[in-house]
Amino acid sequence: MKVHEYQAKQILAEFGVPVPKGGVAETAGDARRVAESLGGRVVVKAQIHAGGRGKGGGVKLAASAEEAERAASQIIGTTLVTHQTGPAGQRVKTVLVEEQMAVARELYLAVLIDGAAGRPVMIGSAAGGMDIEEVAAKSPEAIHRLEIDPATGFQPYMARELCFALGLTGDLMRPAVGLMAGLYKALAAKDASLAEINPLVVTEDGRVLALDAKMNIDDNALFRHPELESLRDKDEEDPTEVEAAEKGISNFIKLDGDIGCLVNGAGLAMATMDSIKLAGGEPANFLDIATANDVQKVVDALRIIARDPNVRAILVNIFGGMARVDVIAQGIIEAQRQMPAAIPVVARLAGTNVEEGERLIRESGLPVIRADDLGDAAKKAVEAARAAA
Ligand code: GDP
Ligand code: MN
């Protein structure tokens, strides 16, 4: 789950990371009032779940409360397009109004769970503010990496090492060490997969603080954090993914292709996507209904897949272990009956109660395309999608 910058800053502040004073506003009038309370010289920042706002016109400096009001009225309600939003952009509902900082230096600091290292890694660079991917590609030596043993946690000597590498020396070191420790604590305490500060700034008056903040929370750990539930902003998420989650289909990810996949088990989902690609097609989603012995869930899943206008064929790939193929078959039949403008369905069914499942489909008289194995199913799904195109 992603959260907004202002929410990430609230969390980081709880863990002792200094952030600029500010407040959120949903109207230009509110932005003006927040700016007034901050003395007028502020930054007005669009709150969307994407970065690159600076270059996209979503971050405006204002020298007075009147200017802040004008800036907010230019930002709120518009659709911001940045290199991270995709071409459709994202509508701005809220702005963060913050005191303006006199910035002397912009750095980069993040801590994230590194799957390859199998542990948290803190990353810092003296070249902050800009695209960190670009820095990593052009001058990898400017990126400093620290692996953290989760058993012993983030140690002050590590922070000092990173401070030297980033030039945060002298009077800056103490506050920077505290900030780094706070950043790590926030990641660990909130089960975040990423906590990123870009830019981390040194101000003209010698303070170190987070001018921007981004946090991603591990969805699989959300049950441990009821306090984070209210931070979810469904308007920023893919609507079909939101609906799938509400219907208890937790493993649904929308992709860009035209073949919908209904699968049980994440491994089978990945094998199915690989097979579609091998057959020359592109999956429209990753949908794992797990061991849902529930006809309605199968219908819901197929309905969610069919609603995607890109979907031209559906591949049902079920290996019944705990899952019962006859229940899945009933779901396929029911969904086909409810959606007469049917998208062609290719079914490869195997495992528990497969004979009964096959019989139900045969006797339904519905045009379900049968496949013997996964390769065959993928080939037929790609053909069906092409024919429908
Ligand atoms: P992003 O582009 O979405 O990552 O948004 P950021 O929050 O990182 O803001 C973009 C840029 O705006 C920063 O890199 C800063 O250069 C600038 N900026 C933001 N707040 C301030 C501020 O208080 N003072 C100054 N001087 N610049 C700021
Ligand atoms: Mn930024």
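In each ligand, atom 1 is the first atom listed, and ligand 1 is the first ligand listed. The structure presented is a predicted model; accordingly, all values stated were derived computationally and were not measured. Just so you know, residue 1 is the first one in the sequence shown, and it goes up from there.
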Task: Closest to atom 28 (C) of ligand 1 (judged by heavy-atom distance), picking from Asp212, Val59, Leu211 - done: Leu211
TODO: From the options Glu196, Arg53, Met101, select the one whose nearest heavy atom is closest to atom 1 (P) of ligand 1.
DONE: Arg53
Structural part of [X] in contact with ligand 1, heavy atom criterion under 4.0 angstrom:
X     : answer
Glu98 : neither
Thr82 : neither
Lys55 : neither

- [ ] Could you find the nearest protein heavy atom to atom 7 (O) of ligand 1 and give me its residue, atom name and distance?
- [x]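 Looking at atom 7 (O) of ligand 1, the protein heavy atom closest to it is Lys45 NZ, 2.5 Å.
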- [ ] Identify the protein heavy atom lying closest to atom 22 (C) of ligand 1, giving its residue, its atom name and the separation to 0.1 Å.
- [x]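 In this structure, atom 22 (C) of ligand 1 has Val43 CG2, 3.5 Å as its nearest protein heavy atom.
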Task: Name of the residue among Val208, Leu162, Asn198 meeting side chain to side chain contact (heavy atoms under 4.5 Å, CB included) with Leu109 - done: Leu162
Any donor-acceptor pair under 3.5 Å linking the side chain of [X] with the backbone of [Y]?
X      : Y      : result
Ser125 : Gly128 : no
Arg370 : Ala347 : yes
Arg53  : Ala46  : yes
Glu99  : Lys21  : yes
Asp218 : Asn220 : yes

Task: Heteroatom distance test (Leu61, ligand 1): nitrogen or oxygen, under 3.5 angstrom - done: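 Such a contact does not occur with ligand 1.
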Open item on the list: Between Tyr6 and Glu98, do the side chains contain a donor N or O and an acceptor N or O under 3.5 Å apart?
Closed with: no
Open item on the list: Quiz question for you: does at least one protein heavy atom lie closer than 4.0 Å to atom 11 (C) of ligand 1?
Closed with: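 No; the ligand atom in question lacks any protein heavy-atom contact below 4.0 Å.
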Task: Smallest separation among heavy atoms of Ile259 and Ala385, with atom names - done: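 Closest heavy-atom pair between Ile259 and Ala385: CG1-CB, 4.0 Å.
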Task: Sub-4.0 Å atoms of ligand 1 with respect to non-hydrogen atoms of Glu106 - done: 13 (C), 14 (O), 15 (C), 16 (O)
Task: Where ligand 1 meets Asn198 - atom numbers and elements under 4.0 angstrom, heavy-atom basis - done: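 Numbered from 1, ligand 1 contributes 8 (O).
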